[in-house]
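Scroll down for the structure; my scribbles are underneath it.
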There are 2 protein chains.
Amino acid sequence: MTVRVLVADDERLVRTALRAILGAEPDLDVVGEAANGDEAVTRAGELRPDVVLMDVRMPGTDGIRATEALLATMDEPPRVIVVTTFENDSYVYEALRVGASGFLLKRSAAEDLVRAVRLVAHSDSLLFPAAVRALAARHARRERAGALRARLTEREAQVLRLMAQGLNNAEIAARLSVGAQTVKSHVAAVLAKLGARDRTQAVIAAYEHGFVTPG
Amino acid sequence: MTVRVLVADDERLVRTALRAILGAEPDLDVVGEAANGDEAVTRAGELRPDVVLMDVRMPGTDGIRATEALLATMDEPPRVIVVTTFENDSYVYEALRVGASGFLLKRSAAEDLVRAVRLVAHSDSLLFPAAVRALAARHARRERAGALRARLTEREAQVLRLMAQGLNNAEIAARLSVGAQTVKSHVAAVLAKLGARDRTQAVIAAYEHGFVTPG
DNA sequence: AACCGCCTCCCCCGCGCGGGGGAGGCGGGC
DNA sequence: GCCCGCCTCCCCCGCGCGGGGGAGGCGGTT
């Protein structure tokens, strides 16, 4: 019983390389390719692969949203392995949140790739289900930070970050090389936008929304 | 190439059951058993298994500390799968922190167990390495909360928690049914002990030390 | 040109907060 | 017995903070 794989990457060379690596294995079969997220979703619907190798960075619909769409629309969705360049890429957490079964670094050895495909095809992420969920929940909070960040101007966000480091208005003014009155204005704006009564409540909101993170 | 497994559990019946399940697989071989953490460490040194199934709750040295000792002392340590009863068991995070390759619920199906053993034997936790590390770092912070809590009196800790909820002194006083002056005293004590200049810095310290947690 | 959002800075004002003292009751440990 | 830590409450005081206004410059949109 061979594992059917769909390769989604915007770079043709990468797709070919992945196909070569996986195709050399007798039990793995690359059944199709996609050059962007939308294509990945439609191809997956047609080809019904067991595993999708999904690049995160793709023009148009990126790998994350493609994964999300894939898992939401198909009734028997494939396992998705998200492929990324950097280990601490924030995409990784997004991927896990939307339901990817795993991720792989581009600098991984060929055998790691093969191993990963077999692994998710046969067992999904049997390990660390709670771990993944905890991570997902934790980084879901960062989403909300977006909403928070969107409401604050760039300067206000800077001021909030400095507030969250325990600086008082004078210190923030010095750090930003502006007058103390200016900082007061920004702080007032931050408090108003966050619905906070004082700077302490603002800092708490910053932590609770994942705008700043402990550690 | 068979996978050599060591089963560590304080209950004899459980050990036997695990041995029966794993022994039925041609590629898996239970080479030994241990009834507690210390025994697990010594047996692992003698038998050099590929995988250790480690129960968390054991008399004497528990599964966590045994895992820690195991990974620290052996030059080619086995993969450790921690076995626990509850999914949200805090032991799980401890296990990942000290370097376990995975965990398994006791209510899992037999095939899940077999799968998990093969999985970690052949690939360790190829998936989610960053996820595991993030989790470990995050829960390591909870340790430090102990040091902080030790320095504060019970009442002071209460006050700090309320401060971290954005309450001002009057509100804290009302919540604790004491006078406002009393709260001021406690707050002053908290600030002094934490080396904080104002309540905002105190709340930040509470977050950074894991004394309170976002979410 | 008119408009708007953002950053910058200014005024006055009230008050909560934090610093520096002290004090009484109450429990446990030497 | 005494001492010590903790919780409780009291005084005065200074100032940083936050609320309420306003204003000018600058860059983008319409």
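Below, chain A is the first sequence line, B the second, and so on; all start at residue 1.
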*Quick one: is dG5(C) close enough that its OP1 or OP2 comes under 4.0 Å of any side-chain N or O from Thr153(A)?*
no
*What pairs of residues pass the salt bridge (charged side-chain N to carboxylate O under 4.0 Å, His left out) test when at least one of them lies in residues 170-194 of chain A, not counting sequence neighbours?*
Glu156(A)-Lys193(A), Glu171(A)-Arg197(B)
*Do Asn168(B) and Arg199(B) have a side chain donor and acceptor closer than 3.5 Å?*
no
*Does Leu191(A) have any side chain to side chain contact (heavy atoms under 4.5 Å, CB included) partners at least two apart in sequence or in another chain, and if so, which?*
Val187(A), Ala196(A), Ala202(A)
*Any side-chain heavy atom of Leu28(A) sitting closer than 4.5 Å to one from Val117(A)?*
yes
_Given 3.5 Å as the limit, does a donor-acceptor pair link the side chain of Ser177(B) with the main chain of Ala173(B), or not?_
no
*Please determine if a side-chain N or O atom of Arg155(A) lies less than 4.0 Å away from the OP1 or OP2 oxygen of dG5(C).*
no
*Go through Val178(A) and Val183(A) one step at a time and tell me if the side-chain contact (heavy atoms from CB on, under 4.5 Å) criterion holds.*
CA-CA 7 Å; Val178(A) 298; Val183(A) 174; 3.9 Å; yes
*Would you say a side-chain N or O of Thr182(B) is under 4.0 Å from OP1 or OP2 of dC9(D)?*
yes
_For DNA chain D, which residues of residues 172-180 of chain B approach it to below 4.0 angstrom with any heavy atom?_
Val178(B), Gly179(B)
Considering only distance and modelled atom types, tabulate donor-acceptor pairs under 3.5 Å from the side chains of residues 35-47 of chain B, sequence neighbours left out.
from	atom 1	to	atom 2	distance (Å)
Asn36(B)	OD1	Asp38(B)	N	3.2
Asn36(B)	OD1	Glu39(B)	N	2.8
Asp38(B)	OD1	Thr61(B)	OG1	2.8
Asp38(B)	OD2	Thr61(B)	OG1	3.2
Glu39(B)	OE2	Arg43(B)	NH1	3.4
Thr42(B)	OG1	Asp38(B)	O	3.4
Thr42(B)	OG1	Glu39(B)	O	2.9
Arg43(B)	NH1	Glu33(B)	O	2.8

*Just how far, in rounded Å, is C1' of dC12(C) from CD of Gln181(A)?*
11 Å
*Through what angle, rounded to 10 degrees, does the axis of the helix from dA1(C)-dT30(D) to dC30(C)-dG1(D) turn between its ends, using five pairs per end?*
40°
_For a quick check, with a 4.0 angstrom heavy-atom cut-off, what is the B/S/- contact string for nucleotides 15-30 of chain C, read 5' to 3'?_
--SBB-----------
*Between CG of Asp198(A) and CG of Asp198(B), what distance do you get to the nearest 0.5 Å?*
10.5 Å
*Polar contact flag, side-chain donor to acceptor under 3.5 angstrom, Gln158(B)-Arg155(B)*: yes
*Between dC7(D) (C1') and Gln158(B) (CD): distance, integer Å*: 11 Å
*Do any N or O atoms from the side chain of Arg15(A) and from the backbone of Asp9(A) form a donor-acceptor pair under 3.5 angstrom?*
yes
*Would you say the side-chain atoms of Arg4(A) pair up with the backbone N or O of Val31(A), donor to acceptor, closer than 3.5 Å?*
no
